[in-house]
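In what follows, a single structure is set out as C-alpha cells and then discussed.
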Amino acid sequence: MSKYYVNKFLFTIDRDPEWVASYREDPRATVARWEKEIGSWLNPVEQTSWLEFTQEEREALCTHDYVWLFEHGAHFFLNLTLFIALFDEEYAAAKGPLAFQTEMAQKLGHWTGRDYPSVAM
Amino acid sequence: MAELTAVLASTHHPFYYKATTSPEDQRPPYAADWQRKVEAYRETLTAAEPDILVMVGADHFHQLWLDNYPQFLIGKQERCDATFYNEEREFGIPKYTLAGDIELSRYMHQELLGKDFDFSVSHELKIDHSIICPIITVRPEADLPIVPIYTNIFVPPLPSPRRFYQVGRAIREIIDSFPSDKKVAAIGTGHLSLELGGPRQFGEHGPDPLFDADAIKWLSTGNIDAILANVTHESMAGAGNATHGFMDLLLMMGVAGPGVHADYVDHLDLFHTREMYMTWYPNKTQDQLDAAARAAATAQASTGPIYATDPAWEKFRVNQEQA
C-alpha cells in the first residue's frame, strides 16, 4: 500500500476543478493521465523514480471505491471531500441534503465500534 | 505592553455561511437558532475592542501537504488570501484578503523559538476555513490584521495534548510581553467530538455527546489536569475520527490559563456535531462582563462554566445506560 501516493491522488484531484470533472466522468482514463502528468512529479522539473500505485490501489481509484480506500488507510478527510465533490450534487437533488454523506456512513457501518484502519504512514 | 483583551475558543463549521445567507426558504430549520447564538457570541469579541487578532487553526490539506508537513506553523506576511476553490465548491464560502500583522508575527515567531517552540514559517500562507469561519462568525467585517498560526491535528503522529497546551501558554506570555499599545484578541477554532469520512459521520447528534459534555466542562473551568488525565490521541479517536481538533480548543485554554473560568460559554446541538462558543476576558472590565451578560441573555448562554451535570446532557446519559 502506497498510502502517500493514494493521498496525493485524492489531494491533487480535489483541488483542481478540471481534474475533478475528469475523474467524475472517466475515472480510469483520469488515473492513467494523472500518473503521467501529476503523480510522478515533485515539481515541474523534478520527477520521482519510485512512487507508484499497487494494482489494488489503482483499481480502487478507477472504480471510485471509497470503502476500499477507507479500509486501506487513505486519509479520511481527503476520501470524504473528493467523493462529496463527485456525488453530493446528484444525491442531494435526488434524495435531499447530505444524502451522499449519509450513504457513505452506512457503507462504512461495519466499522462502528472497531478501531478504524490507521491513516498513519 | 500589548493587552490581551479576549481569548475565544470555538468550533468552526463551514456550513454556517451558506445556512445563514441563503434565501429564507432555502435555509435549514436550525439556521435561525444558530445565527442567533453566533451573533450573540460575536458581541463578546466586539466588547474586547481588538486591534489585532491572533488566529489559531489547522489547514485541511488545502496548502500544507504530506511532502513537507509542519507540526506548528506561523504565517508571516503583510496580506493573507483566504478560501480555496474546493471550499467555495463545497461550502460556498467567499474569498477574502486579510491584512497580516507582520510586526506581531515576527515577534511571535522569534519569541516562540526563544522558548524552544520550533515553529515552521510560511511567507505565502493562504488561509482556509479554520480561520475564515471565525472571521465570518465573530468579525465579519474582516477588517483587522491577523497573525495566523496553524497546528497539526490531521497527520499522525500528532503533537501531544500537553504540547498544545504548552504552546497556548507560550503564546499568552508572548502577547503579554509584546511591546505595543495595541489590544490583541486570540481566537482559535477546532472541534468537539467529530467524525468525517467514517461510519459515524452526519448522524443525528455528534459522535460522542458525553465527550462534548466533559470537554466543555474541562475547558470552561480551565481544568488542565483533568484533560491531561483523560484525553489522549486514542481517546479522541474513540470519540470520533476527527476529534483531534479538540486540541486547538485546548491550546486556547492554555492562552487563557490554568484554572481560569470562562466568562461566556454556549453550545448548540447541530444534528451531526456540537457547536461550542467560549470567551475568556483575561483583563476583565465591567463593560466586557456586561456585554457577555447581554449576549448570554440573547443566546441562553452561560456567563460561567457549564458542567457535565447540566440537564442538556441527560438524554445522552439515558441513551448510554440503555445501550
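Chain letters run A, B, ... following the sequence lines, proteins first and then strands; every chain starts at 1.
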**Q.** A:Asn7 versus B:Trp65, closest heavy-atom pair with distance
**A.** O-CH2, 3.2 Å
Q. How would you list, in number order, the residues of residues 193-207 of chain B that have a heavy atom less than 4.5 Å from chain A?
A. B:Glu195, B:Leu196, B:Gly197, B:Gly198, B:Pro199, B:Arg200, B:Gln201, B:Phe202
Q) Do any of residues 28-40 of chain A have a heavy atom less than 4.5 Å from a heavy atom of chain B, and if so, which, in residue order? A) none
(Q) Please output the residues of residues 12-20 of chain B in contact with chain A, using a heavy-atom cutoff of under 4.5 Å, in numerical order. (A) B:Phe15
Q) Which distance, rounded to the nearest 0.5 Å, do you find between the CG of A:Leu82 and the CZ of B:Phe61? A) 13.5 Å
**Q.** Under 3.5 Å donor-acceptor, A:His75 side chain and B:Phe154 backbone
**A.** yes
Q: Under 4.5 Å, counting heavy-atom pairs only, tell me which of A:Phe77, A:Trp111, A:Tyr66, A:Phe83 racks up the most with chain B.
A: A:Phe77
Q: Answer yes or no: does atom CD of A:Gln47 have more than 12 heavy-atom neighbours from other residues, nucleotides or ligands under 6.0 Å?
A: yes
Q) Got a sec: does the CG of A:Asp115 have more than 12 other heavy atoms crowding it under 6.0 Å? A) no
Q.
If I measure from the heavy atoms of chain B, does A:Lys8 come under 4.5 Å with its side chain, its backbone, both, or neither?
A. both
**Q.** Contacting region of B:Phe91 [heavy-atom separation from chain A under 4.5 Å]
**A.** neither
Q) Counting a contact as any heavy-atom pair under 4.5 Å apart, which residues of residues 232-251 of chain B contact chain A? A) B:Asn241, B:Ala242
Q: Would you mind reporting whether A:Asp16 and B:Tyr85 have side-chain heavy atoms less than 4.5 Å apart?
A: no
Q. Between A:Arg15 and B:Asn86, which heavy-atom pair has the shortest distance, and what is it?
A. CA-ND2, 3.9 Å
Q) If you count heavy-atom pairs under 4.5 Å with chain B, which of A:Gly109, A:Pro97, A:Ala85 comes out on top? A) A:Ala85
Q. Just how far is it from atom CD of B:Glu90 to atom OG1 of A:Thr81, taken to the nearest 0.5 Å?
A. 5.0 Å
(Q) With a sphere of 6.0 Å drawn around CD of A:Glu89, does it hold more than 12 non-hydrogen atoms of other residues, nucleotides or ligands? (A) no
Q) Hey, are B:Arg89 and A:Asp14 close enough for a salt bridge, meaning a charged N less than 4.0 Å from a carboxylate O? A) yes
Q) If you measure from CG on B:Leu66 to CZ on A:Phe11, what distance do you get to the nearest 0.5 Å? A) 8.0 Å
